[in-house]
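See below for the structure under consideration.
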Amino acid sequence: MVDASSDFLKQKISELSDGEPRRQLERICQERRIDCSWVWYEPVGLRFRVDFPNGREKRSQVITAGDAEKILSVEFPPFTYLGDFDGVFFSESRTIEAAVRSNVSNLIFYDIPGVRRIEHPQLQLPGMDEEVEDDARSNAKIRMHDAWILEFDPTPDRPDLRVQIGSASREFSMVSDRRRRRPPVSDRNALPYGLGRFPTIRISGVKEVRHDDVLDTLKRVSGAVFFEMDLQYGVATSIVPSFASELARSRSRVQQERAQHVPRNPTNQYPEKPLSLYWYGRSSGIPLLEYLAYYQVLEYFFPSFSHRDTLEKLRNELLDPRFRPDDDSNLVRIIGLASGAGKGYGSEREQLRSTISGCVTEEHIRDFIESSEILKEYFSGKQKIKDVAHLNLDDTRNDFLTAVANRVYDIRCRIVHTKEDGGKSATNLLLPFSKEAEQLGPDIELVKYLAQKVLITGASRLHL
């Protein structure tokens with residue numbers, strides 16, 4: 001990359017005509033005090049980078065001439081991106097718009113009562129009195145190439161607040177992070193009037209102007225809308241995360257090294273129930289659910305390993321020459337060791353420690369972490385997950401497996417417990433769409449590794 005101040009770069013910029021779309025966009029950015037710069041990348045050449053506003057942060061994007069032309073075609077309305085979502089706030093129209101997705105298919109929206117085809121750009125929809133054009137056409141089956149909208153009835157206390165779900169507006173389609181992803185075939189051609197082929201939620205009549213307040217409005221309104229849609233129509237919907245957010249999540253995961261030999265018939269069989277939990281974790285795609293699924297694999301084996309630990313302690317106690325069966329204090333000690341109620345002995349944290357130590361050694365864990373630069377940097381560097389035990393790879397004086405068990409358990413507690421649950425000493429809830437959840441990848445890899453090890457330990461010979 002060539003420095004922006006170099007004579008070479010200035011020469012390349014001067015070769016562009018004044019009417020070049022990126023030059024026009026540069027002037028608008030400078031007028032609005034939006035940071036932008038030119039860079040030269042080998043071998044692709046000259047590139048224009050814009051740091052769009054996103055609250056206290058920026059969302060950097062490399063803009064091609066084609067991108068700039070599309071953005072200028074909608075007169076580049078003033079906007080700011082919203083947090084870690086693929087969503088924006090158009091300040092002039094006081095409108096929030098964010099990309100959404102369903103748990104099944106976006107086609108599921110078409111069957112909700114009130115969904116209709118539209119013949120107008122979404123930002124220029126006619127008023128309510130003009131919308132009773134043709135009932136037959138409004139109720140007709142919506143097809144893939146139709147623009148559509150689902151408009152929610154306003155409430156008496158906020159008649160000015162309008163909520164809609166439907167084909168993305170032309171304006172949002174030009175600035176959405178969706179264009180940075182490899183588009184599906186169906187996304188390559190816009191719908192009539194330039195509307196996007198993907199759905200968005202639109203919230204108009206927003207009173208707030210500060211980024212954090214607008215972001216809070218998006219979260220609260222969309223959360224309520226999606227929950228009630230799930231209750232009434234069985235449609236599970238969520239806001240799409242930003243491209244940078246998804247990229248950061250994918251980079252935090254370790255790419256497993258593939259075996260180079262030909263597969264062979266299995267010789268082991270694995271317990272059905274914990275194996276089912278393991279596959280649930282592998283297929284969930286949601287970081288916190290994946291973590292809990294792997295933790296439940298470990299939890300399944302608590303009774304087996306905690307009993308082993310307790311039996312060893314009881315055996316040592318009974319073998320002690322000083323043990324006297326006629327001494328009440330000796331018997332009380334025996335009762336204490338054997339008094340674990342329910343499925344396992346000891347606290348959950350202790351049972352987790354017994355299970356981990358029953359299937360791996362310190363060397364196993366250290367080798368696993370040191371096998372990946374991502375894992376080494378994550379666990380050795382600045383802690384990205386708060387209120388959890390730290391793993392110090394250089395510490396040889398303390399019990400490393402206990403530290404591992406404490407960290408695994410601390411994260412589990414942050415996922416399932418809140419301050420209200422645990423009082424003043426409890427930790428904050430680890431939220432699904434928070435930065436911490438995005439950065440949880442290496443911890444998920446660790447608990448997945450432990451789940452694999454305990455499944456192997458619990459395996460038996462395959463007999464058919």
message = Apply side chain to side chain contact (heavy atoms under 4.5 Å, CB included) to residues Val206 and Leu218 and explain how you reach the verdict.
response = CA-CA 10 Å; Val206 178; Leu218 170 62; over 6 Å; no
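- Residues Tyr295 and Leu352 have side chains in contact (heavy-atom distance under 4.5 Å, counting atoms from C-beta outward).
- In this structure, the separation between CZ on Phe89 and CD1 on Ile96 is 6.5 Å, given to the nearest 0.5 Å.
- Looking only at side-chain heavy atoms (C-beta outward), Ser238 and Arg101 come within less than 4.5 Å of each other.
- Under a 3.5 Å cut-off, the side chain of Arg59 and the backbone N or O of Gly83 do form a donor-acceptor pair.
- The minimum heavy-atom distance between Ala99 and Thr200, with the atom names listed, is CA-CG2, 4.0 Å.
- Taking the side chain as every heavy atom from C-beta outward, Arg23 and Ile13 approach each other to under 4.5 Å.
- When atom types are taken as modelled, the side chain of Asp67 and the backbone of Thr64 share a donor-acceptor pair closer than 3.5 angstrom.
- In this structure, the side chain of Asn406 engages the main chain of Thr402 through a donor-acceptor pair within 3.5 Å.
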request  = Quick one: do Leu446 and Leu375 satisfy side chain to side chain contact (heavy atoms under 4.5 Å, CB included)? Show the steps, please.
outcome  = CA-CA 9 Å; Leu446 175 60; Leu375 296 179; over 6 Å; no
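- Within the 3.5 Å criterion, the main-chain N or O of Gly205 finds no donor-acceptor partner in the side chain of Arg94.
- Environment of CD in Glu20: crowded, with over 12 heavy atoms of neighbouring residues, nucleotides or ligands closer than 6.0 Å.
- Of the possible polar contacts, none joining the Ser372 side chain to the Phe368 backbone as a donor-acceptor pair under 3.5 Å is found.
- Residue-environment remark: CD (Gln30) exceeds the threshold of 12 foreign heavy atoms within 6.0 Å.
- Checked by atom type, the side-chain pair Tyr449/Glu445 shows no donor-acceptor distance below 3.5 Å.
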task = Apply ring pair (Phe, Tyr, Trp, His ring centres under 6.0 Å) to the pair Phe52 and Phe79, showing each step before the final yes or no.
result = CA-CA 9 Å; Phe52 290 105; Phe79 74 92; 5.5 Å; yes
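- Using a 4.5 Å heavy-atom threshold, the side chains of Ser73 and Arg170 count as touching.
- Of the possible donor and acceptor atoms, one in the side chain of Glu362 sits under 3.5 Å from a partner among the backbone N and O of Phe400.
- Heavy atoms from other residues, nucleotides or ligands lying under 6.0 Å from CD of Glu75 number 12 at most.
- The closest side-chain heavy-atom distance from Arg349 to Asp410 is below 4.5 Å.
- Cys359 places none of its side-chain heavy atoms less than 4.5 Å from the side chain of Phe301.
- Ring orientation note: the planes of Phe48 and Trp38 are tilted relative to one another, at an angle of 30° to 60°.
- Under a cutoff of 6.0 Å and an axis angle of 45°, Arg407 and Phe379 do not form a cation-pi pair.
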query = What's the verdict on side chain to side chain contact (heavy atoms under 4.5 Å, CB included) for Leu46 and Leu16, showing C-alpha distance, side-chain angles and the deciding distance?
reply = CA-CA 10 Å; Leu46 190 63; Leu16 300 174; 3.6 Å; yes
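- Under the 3.5 Å distance criterion, the side-chain polar atoms of Arg414 are matched with a main-chain donor or acceptor of Asn428.
- Of all non-hydrogen atoms in Leu450 and Ile356, the two that sit nearest each other are CD1-CD1, 3.9 Å.
- Judged by distance alone, with hydrogens and angles left aside, the side-chain atoms of Asp177 form a donor-acceptor pair with the main-chain N or O of Phe243 at under 3.5 Å.
- Separation of atoms CG (Leu298) and CD (Gln296) is listed at 10.5 Å; rounding is to 0.5 Å.
- Lys448 has its side chain within reach of Arg282: a pair of non-hydrogen atoms, C-beta onward, lies under 4.5 Å apart.
- Salt-bridge formation is detected for the pair Arg56/Asp212: a Lys NZ or Arg NE/NH1/NH2 atom is positioned less than 4.0 Å from an Asp or Glu carboxylate oxygen.
- Ion pairing between a basic and an acidic side chain is recognised when a charged N comes within 4.0 Å of a carboxylate O; Arg412 and Asp443 show no such pairing.
- Remark: side-chain polar atoms of Ser176 are not paired, donor with acceptor, to backbone N or O of Ser173 under 3.5 angstrom.
- Taking CZ from Phe152 and CD1 from Ile203, the interatomic distance works out to 10.0 Å, rounded to the nearest 0.5 Å.
- Put simply, OG1 on Thr355 and OH on Tyr300 are 12.5 Å apart, with the number rounded to the nearest 0.5 Å.
- Within the model, atoms CE of Met174 and CZ of Phe172 stand 11.0 Å from one another, a figure rounded to the nearest 0.5 Å.
- Counting heavy atoms from C-beta on, the side chains of Arg116 and Glu151 come closer than 4.5 Å.
- Between the side chain of Thr237 and the backbone N or O of Phe226, no donor-acceptor pair lies under 3.5 Å.
- Remark: of the listed residues Ile411, Leu430, Val408, Ile411 is the sole one forming a side-chain contact (heavy atoms from CB on, under 4.5 Å) with Val388.
- Using a 3.5 Å distance cut-off with no hydrogens or angles, the side chains of Tyr278 and Gln452 do pair a donor with an acceptor.
- Annotation for Glu97 and Arg202: closest pair OE1-NH1, 3.2 Å, computed over non-hydrogen atoms.
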query = Is there a side chain to side chain contact (heavy atoms under 4.5 Å, CB included) between Val240 and Arg178 once you walk through the steps?
reply = CA-CA 9 Å; Val240 178; Arg178 192 177 182 89; 5.7 Å; no
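- Looking at every heavy atom in both residues, Ser380 comes nearest to Leu393 through OG-CD1, 3.6 Å.
- The environment of CD in Gln232 is crowded: more than 12 heavy-atom neighbours from other residues, nucleotides or ligands sit within 6.0 Å.
- Counting all heavy atoms, side chain and backbone alike, Cys36 lies closest to Cys29 at SG-CB, 3.9 Å.
- Residue Arg47 holds its CZ atom at 7.0 Å from CZ of Arg22, rounded to the nearest 0.5 Å.
- Here the rule is side-chain hydrogen bond (donor to acceptor under 3.5 Å, both in side chains) with Tyr81, and of Lys58, Gln61, Glu57 only Gln61 fits it.
- Shortest non-hydrogen contact noted between Leu25 and Ala68 is CD2-CB, 4.0 Å.
- In this structure, a donor-acceptor pair under 3.5 Å is absent between the side chains of Ser242 and Asp84.
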